[in-house]
Amino acid sequence: MPDRIGYNKIVRNFTDCKISGRNATARLLEETLMRGVHSAVDDIRRRVFTEVATLAYEGGDLTRVNLIPYKMIQGDVAVHRHDVFLERAIVKERVRLALGMSMLGDQLPISATIDEAATDKKYFENPLVNIIPFACNACPPKQIRITDSCQGCISHPCMNVCPKDAIYLDKDKHCHIDQDKCIKCGKCFNQCPYRAISKIERPCAAACGMDAIESDELGRAKINYDKCVSCGMCLVNCPFGAIADKSQIFQVIHAMQKHDNVVACVAPAFVGQFGKDATPAKLKAAMRILGFSDVVEVAIGADLCTVEEAHDFLEEVPEKLPWMGTSCCPAWSVMAKKLYPEFTECISMALTPMVITARMVKKDHPEAKICFIGPCAAKKLEANRRTIRSDVDFVLTFEELQGMFDAKDINFANLETTPEDEMTEGTGMGRGFAVGGGVAAAVVEAIRHIDPDREVKIEYGDGLKECRKMLAMAKAGKRNGYLLEGMGCPGGCVAGAGTIRPVRETTASVARFKDAAEELSCTTSPYLHRLEEVEEK
């Protein structure tokens with residue numbers, strides 16, 4: 001039986017960990033407020049994926065792609081914008097991006113470059129994440145404002161705490177803020193007894209842990225790509241649906257329509273993403289209907305990644321490295337190397353679960369094309385690296401996969417499965433990679449098997465903002481000897497930009513799937529003997 005007692009001890013220790021003085025659960029609830037609340041933006045985004053998938057499956061005259069904006073936005077009265085022409089223009093750009101193409105504005109019809117998309121070998125062209133300029137609301141930058149709720153009290157605590165004397169009284173004794181002096185520290189916001197002070201910030205900028213959202217000459221949001229790590233948090237936090245990333249739906253379906261052997265490697269966060277009827281076995285059956293030849297758990301690669309990182313930590317910390325950071329989240333690892341290049345060697349060199357799993361499949365089936373399916377926009381960036389392209393051919397998010405299910409009218413409740421559809425490959429700890437803290441917990445659990453006497457200090461960066469604070473502490477020498485887990489999305493992969501279900505709901509589903517694993521520890525994976533094999537390029 002799996003060692004549940006030892007596992008529960010690790011989880012308790014991890015849960016008790018405080019990050020930057022704040023409880024991780026409280027912050028998760030705060031930072032994922034928009035996630036899981038279904039909106040019109042979700043409907044538009046997912047409808048585009050469905051229409052593009054339908055076009056690919058049906059084939060024939062691809063100039064029909066020009067009709068998608070008119071099919072989605074019918075009639076003469078706008079629903080969300082001031083006119084239907086703007087709504088259709090925005091859908092037009094979203095369709096281009098969903099085809100994997102770059103935006104062109106209204107210069108050309110979508111079909112003008114459709115031949116570039118109708119292939120099974122198209123890589124992502126930079127930039128991956130795009131802001132559609134005419135869809136942006138030009139939201140104001142960060143501001144502190146005093147509202148009409150101000151009562152003009154005589155204690156004026158807001159004025160007393162302002163470090164820049166930016167707050168002044170009008171003739172009616174009500175307070176106002178001089179925006180030229182205000183430094184947006186928020187001290188007044190926290191002091192007002194009437195809660196009459198509000199903070200406003202662009203949702204995309206507030207969600208960006210890299211401060212990569214800037215303004216163009218018209219006040220619209222633009223991305224500084226020198227800072228961007230493609231985590232995708234901006235695109236799922238824009239209430240106007242002005243941000244989108246490129247997709248490979250069209251190319252994946254083209255490969256399957258050519259009868260290529262396309263194997264889906266599914267990230268552990270998939271559990272629960274497609275509704276309560278979509279059990280792991282039914283998901284596998286549904287993906288055969290889509291055209292995938294097989295479905296493999298990426299938890300297998302997570303198991304091997306865990307054991308490699310456990311050995312690396314034991315061998316290198318603190319003798320060779322002051323601390324070690326986990327490698328599986330590309331947004332975190334790229335961020336660490338961008339902001340703190342001196343720490344490059346401290347980020348684990350272990351292959352990510354996606355790459356390990358893909359290499360294993362290609363060792364067994366050299367002719368296969370690998371499609372990684374997961375919650376993450378940044379995985380598209382990782383797979384686009386020249387060193388990875390030969391391992392991973394396509395990357396889809398769960399939301400994009402849902403578009404393919406919808407295009408095929410798949411009803412999970414009516415699907416029948418066979419014993420071969422059951423997923424049994426990954427261990428419990430490998431499946432736990434999907435939830436924040438799960439990677440470090442898996443590595444610590446593996447170390448406990450390899451060297452029971454070794455005590456490991458850990459810290460978990462819950463989103464890129466917390467990761468930056470964690471790295472600042474490491475730079476100050478306060479994380480020596482630590483194993484640091486960084487996650488680009490608050491809550492972990494279950495909160496990735498390509499997820500569908502609410503974070504807490506998916507977290508619970510992953511926990512049940514983890515508990516159902518035949519083995520708990522990554523050190524018991526039957527695939528460990530293949531680690532050396534997949535490391536050879």
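In what follows, residues are counted from 1 in the order of the sequence shown.
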On a heavy-atom basis, which atom in [X] and which in [Y] lie closest, and how many Å separate them?
X    : Y    : answer
R431 : T424 : NH2-CA, 4.0 Å
C467 : G486 : SG-CA, 3.7 Å
P69  : V91  : CA-CG1, 3.8 Å
G374 : A267 : CA-CB, 3.9 Å
V84  : A78  : CG1-N, 3.4 Å
F412 : A286 : CE2-CB, 3.5 Å

* Asked: Would you say the side chains of K276 and S509 form a donor-acceptor pair under 3.5 Å?
  -> no

* Asked: For T326 and E309, does a side-chain donor sit closer than 3.5 Å to a side-chain acceptor?
  -> no

* **Audit row: F274, R501, side chain to side chain contact (heavy atoms under 4.5 Å, CB included) steps and yes/no** => CA-CA 8 Å; F274 307 99; R501 309 297 293 179; over 6 Å; no

Does any N or O in the side chain of [X] come within less than 3.5 Å of the main-chain N or O of [Y], such that one atom is a donor and the other an acceptor?
X    : Y    : value
K227 : M210 : no
R359 : V534 : yes
K338 : D226 : yes
T427 : S525 : no
E214 : N224 : no
E297 : E425 : yes
Q248 : V395 : yes
K246 : E125 : yes
E485 : Y460 : no
E466 : G463 : no

Any salt bridge linking [X] with [Y]? Criterion: basic side-chain nitrogen under 4.0 Å from a carboxylate oxygen.
X    : Y    : answer
K71  : E51  : yes
K380 : D245 : yes
E420 : R288 : no
D42  : R45  : yes
K362 : D393 : yes
R220 : D216 : yes

Could you give the distance from [atom1] ([X]) to [atom2] ([Y]), rounded to the nearest 0.5 Å?
X    : Y    : atom1 : atom2 : answer
S390 : R385 : OG    : CZ    : 13.5 Å
I388 : L351 : CD1   : CG    : 7.0 Å
C265 : F292 : SG    : CZ    : 10.0 Å
C204 : I223 : SG    : CD1   : 8.0 Å
I373 : M354 : CD1   : CE    : 12.5 Å
I132 : K92  : CD1   : NZ    : 12.0 Å

* To do: Could you tell me which residues satisfy ring pair (Phe, Tyr, Trp, His ring centres under 6.0 Å) with F250, sequence neighbours excluded, listed by chain and number?
  => H254

* To do: Carefully, step by step, assess I44 and R94 under the rule side chain to side chain contact (heavy atoms under 4.5 Å, CB included).
  => CA-CA 9 Å; I44 294 168; R94 296 194 74 95; 4.2 Å; yes

* Stepwise, does the side chain to side chain contact (heavy atoms under 4.5 Å, CB included) test hold for I114 with T63? -> CA-CA 8 Å; I114 190 70; T63 61; 5.7 Å; no

* **Reference residue T506; test side chain to side chain contact (heavy atoms under 4.5 Å, CB included); the match among V271, V435, V494** => V494

* **T499 and its side chain to side chain contact (heavy atoms under 4.5 Å, CB included) partner, picked from P375, C489, C493, C376** => P375

* To do: Provide the full list of side chain to side chain donor-acceptor pair (under 3.5 Å) pairs with a residue in residues 260-272, sequence neighbours left out, each pair given once.
  => N261-S293, N261-E367

Would you say [atom1] of [X] has more than 12 non-hydrogen atoms from neighbouring residues, nucleotides or ligands within 6.0 angstrom?
X    : atom1 : answer
Y225 : OH    : yes
F134 : CZ    : yes
K142 : NZ    : no
D61  : CG    : yes
E416 : CD    : no

Within-4.5 Å side-chain heavy-atom neighbours: [X] and [Y]:
X    : Y    : value
D462 : P490 : yes
L464 : C231 : yes
I213 : C234 : yes
V95  : V52  : yes
L531 : E308 : yes
L401 : M404 : yes
L128 : N384 : no
C238 : I131 : no

* Asked: Can you check side chain to side chain contact (heavy atoms under 4.5 Å, CB included) on M360 and I300, steps first, answer last?
  -> CA-CA 10 Å; M360 286 178 60; I300 299 172; 3.9 Å; yes

